[in-house]
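A quick write-up on the structure given underneath.
What you see below is based on every heavy atom in this structure, not just the backbone, and it leaves out hydrogens, waters and symmetry mates.
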Amino acid sequence: MTKAEIIENSYRAAEAKLRAYIRAHADEMRPSKVRNMVLRQVCALPKPFTADQLVKACIPDRISVGTIYNSLKLFIDAHIVQGHTRQRGQMATEYELLTDHENRFQMICTACGRLVELDDKAITRLVTTRKYSNFNMAHFALYVYGECKICRRKVAQKAIQEANKNI
């Protein structure tokens with residue numbers, strides 16, 4: 001499958017979710033061509049992406065920044081996009097399209113921002129089979145924050161260099 005076909009399939013799935021959400025909230029909003037243009041850009045961006053990347057991607061379409069941010073909030077509410085906070089020098093929110101699979105299990109390095117998607121069947125089974133009183137779970141997201149092996153190695157090497165300087 002080509003990249004264009006993957007993007008188109010993602011867009012169709014996301015657009016279907018958006019249409020269903022708008023139908024369910026028909027008294028509050030109506031369909032919008034501009035919103036769909038923003039959604040198409042979301043589907044074309046690499047995962048994860050920032051709001052700034054989305055704004056830059058929408059520049060050729062001359063979509064206002066306010067419309068982009070409002071659309072992004074709507075996509076989160078409609079469970080098309082999911083935002084999570086990552087630290088890459090400074091705290092920032094990054095977003096991911098959720099049309100691939102609903103449940104998320106990711107490890108995020110707090111030093112470099114590296115994100116690793118995990119498929120741990122034991123954790124997925126534990127969370128999805130758990131019964132909660134007065135709550136019917138639809139999906140879950142689990143983020144584990146810490147330092148990746150590469151960053152730990154860099155810290156250790158820096159400590160060794162510092163120790164060697166003091167000798």
Side-chain angles (χ1 to χ4, degrees), residues 1 3 5-32 35-55 57 67-153 155:
M1 191 177 293
K3 184 177 179 180
E5 290 171 330
I6 293 169
I7 291 170
E8 187 60 29
N9 288 343
S10 293
Y11 173 71
R12 281 193 214 126
E15 185 185 33
K17 275 185 169 180
L18 181 60
R19 274 196 314 266
Y21 186 84
I22 289 173
R23 266 194 309 275
H25 297 85
D27 55 331
E28 301 168 25
M29 67 186 73
R30 58 181 173 37
S32 161
R35 194 181 298 128
N36 285 353
M37 292 168 64
V38 175
L39 183 59
R40 187 170 290 282
Q41 290 297 342
V42 165
C43 294
L45 286 171
K47 294 183 197 178
F49 65 91
T50 63
D52 287 341
Q53 288 173 312
L54 180 58
V55 168
T67 298
I68 293 167
Y69 276 91
N70 288 337
S71 297
L72 194 54
K73 182 186 178 321
L74 172 64
F75 300 158
I76 291 168
D77 292 344
H79 198 65
I80 296 168
V81 169
Q82 181 173 4
H84 49 84
T85 303
R86 290 175 57 185
Q87 185 174 346
R88 286 191 178 172
Q90 62 184 27
M91 295 302 276
T93 301
E94 292 186 338
Y95 303 91
E96 272 190 280
L97 189 64
L98 291 178
T99 56
D100 311 23
H101 47 282
E102 296 292 322
N103 297 327
R104 298 273 182 198
F105 179 31
Q106 299 173 331
M107 293 189 309
I108 301 170
C109 180
T110 56
C112 71
R114 180 186 323 257
L115 183 140
V116 177
E117 185 90 26
L118 296 175
D119 184 21
D120 189 321
K121 292 180 186 354
I123 290 177
T124 300
R125 188 172 39 257
L126 176 71
V127 174
T128 57
T129 59
R130 174 85 164 89
K131 301 295 180 206
Y132 302 94
S133 61
N134 300 322
F135 189 79
N136 186 18
M137 183 180 69
H139 51 84
F140 76 89
L142 174 62
Y143 298 100
V144 178
Y145 293 90
E147 284 186 298
C148 68
K149 181 169 63 173
I150 295 169
C151 290
R152 285 193 324 265
R153 190 178 304 137
V155 169

Nearest-0.5 Å distance that lies between atom CE in Met29 and atom CG in Asp77: 7.5 Å
Heavy-atom pair of closest approach, residues Leu97 and Ala14: CD1-CB, 4.3 Å
Please tell me if the side chains of Lys17 and Phe75 come closer than 4.5 Å, counting only heavy atoms from C-beta onward. no
Mind listing the closest non-hydrogen atom pair of Ile22 and Arg30 along with its distance? CG2-C, 4.0 Å
Expected list for residues 120-130: side-chain donor-acceptor pairs under 3.5 angstrom, two or more places apart:
from	atom 1	to	atom 2	distance (Å)
Asp120	OD1	Ala122	N	3.1
Asp120	OD1	Ile123	N	3.2
Lys121	NZ	Asp119	OD2	3.1
Thr124	OG1	Asp120	O	3.1
Thr128	OG1	Thr124	O	2.7
Thr129	OG1	Arg125	O	2.6

Parallel, tilted or perpendicular: which describes the rings of Tyr132 and Phe135, with under 30° parallel and over 60° perpendicular? perpendicular
For Gln82 versus Tyr143, what's the shortest heavy-atom pair and its separation? NE2-OH, 2.8 Å
Nearest heavy-atom pair of Leu45 and Ala57: which atoms, and what distance? CD2-CB, 4.1 Å
Hits for side chain to side chain contact (heavy atoms under 4.5 Å, CB included) against Val155, two or more places apart or cross-chain, chain-then-number order -> Glu147
Residues passing the side chain to side chain contact (heavy atoms under 4.5 Å, CB included) test with Arg40, sequence neighbours excluded, are Glu8, Tyr11
Reported CD1-to-CD distance for the pair Ile108 and Glu117, which is rounded to 0.5 angstrom: 9.5 Å
The single option from Leu54, Leu72, Val42, Thr50 that satisfies side-chain contact (heavy atoms from CB on, under 4.5 Å) with Tyr95 is Leu72
Do other residues, nucleotides or ligands put more than 12 heavy atoms under 6.0 Å from the CG atom of Asp27? yes
Minimum heavy-atom separation for Thr93 to Gly83, with atom names? CG2-CA, 4.3 Å
Nearest 0.5 angstrom please: Leu118 CG to Met107 CE, how far? 4.5 Å
